[in-house]
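Structure first, then comments.
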Amino acid sequence: MFYAVTLLFLLLWGPYVVASYLRVLVRPGAVPQAYLTASVWLTFAQAGINPVVCFLFNRELRDCFRAQFPCCQSPQATQATLPCDLKGIGL
């Protein structure tokens with residue numbers, strides 16, 4: 001999970017960092033406005049994608065989520081088979 005989050009962070013923040021350095025080191029008009037706008041939106045997307053990636057890769061978090069919503073449990077699963085300790089995962 002750590003590698004996936006780090007890779008996504010670098011991929012989604014990379015264009016913004018490049019644009020920022022170009023604006024400072026080359027000249028302010030060197031970066032097209034469309035590229036700058038897209039790179040800013042990619043940084044916003046990273047903030048939205050990060051919790052989804054953490055949820056997909058963390059089995060304990062998924063099990064805890066399922067335990068809180070009975071509609072997400074399979075018929076044979078019960079609360080006893082899906083322990084959920086919110087303090088154990090930092091919530």
Side-chain angles (χ1 to χ4, degrees):
M1 179 175 72
F2 172 75
Y3 294 120
V5 170
T6 303
L7 180 65
L8 279 172
F9 177 83
L10 293 173
L11 289 175
L12 295 174
W13 274 86
Y16 180 75
V17 170
V18 169
S20 296
Y21 278 119
L22 284 175
R23 289 178 61 194
V24 171
L25 298 176
V26 178
R27 61 172 196 202
V31 180
Q33 186 62 36
Y35 178 81
L36 188 59
T37 302
S39 66
V40 168
W41 279 102
L42 284 174
T43 62
F44 294 156
Q46 190 271 334
I49 291 172
N50 192 22
V52 174
V53 170
C54 290
F55 181 78
L56 291 176
F57 281 99
N58 191 337
R59 182 176 175 82
E60 185 179 347
L61 186 61
R62 286 193 317 263
D63 290 344
C64 185
F65 183 78
R66 283 190 196 114
Q68 299 302 316
F69 296 98
C71 63
C72 298
Q73 295 178 9
S74 61
Q76 67 270 16
T78 63
Q79 184 71 20
T81 61
L82 292 173
C84 181
D85 180 18
L86 293 177
K87 292 182 179 89
I89 60 171
L91 296 176

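Residue numbers count from 1 along this sequence.
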Distance, nearest 0.5 Å, that separates CG of L11 from OG1 of T6: 11.0 Å
Test side chain to side chain contact (heavy atoms under 4.5 Å, CB included) applied to I49 - qualifying residues, sequence neighbours left out: L8, L12, A45, V53
Whichever hydrophobic residues join V26 through chains of side-chain contacts under 4.5 Å: V18, L22, V31, Y35, L36
Minimum heavy-atom distance C54-L61, with the two atoms named: O-CD2, 4.5 Å
Residues clustering with Y3 (ILVMFWY side chains joined when closer than 4.5 Å, directly or via others): F2
Side-chain touch L42/Q46, heavy atoms, less than 4.5 angstrom: no
Shortest non-hydrogen contact between A47 and P51, atoms and distance: O-CD, 3.2 Å
Closest heavy-atom pair and its distance - R62, F55: CG-O, 3.1 Å
Nearest non-hydrogen partners of S39 and A19, listed with the distance: OG-CB, 4.4 Å
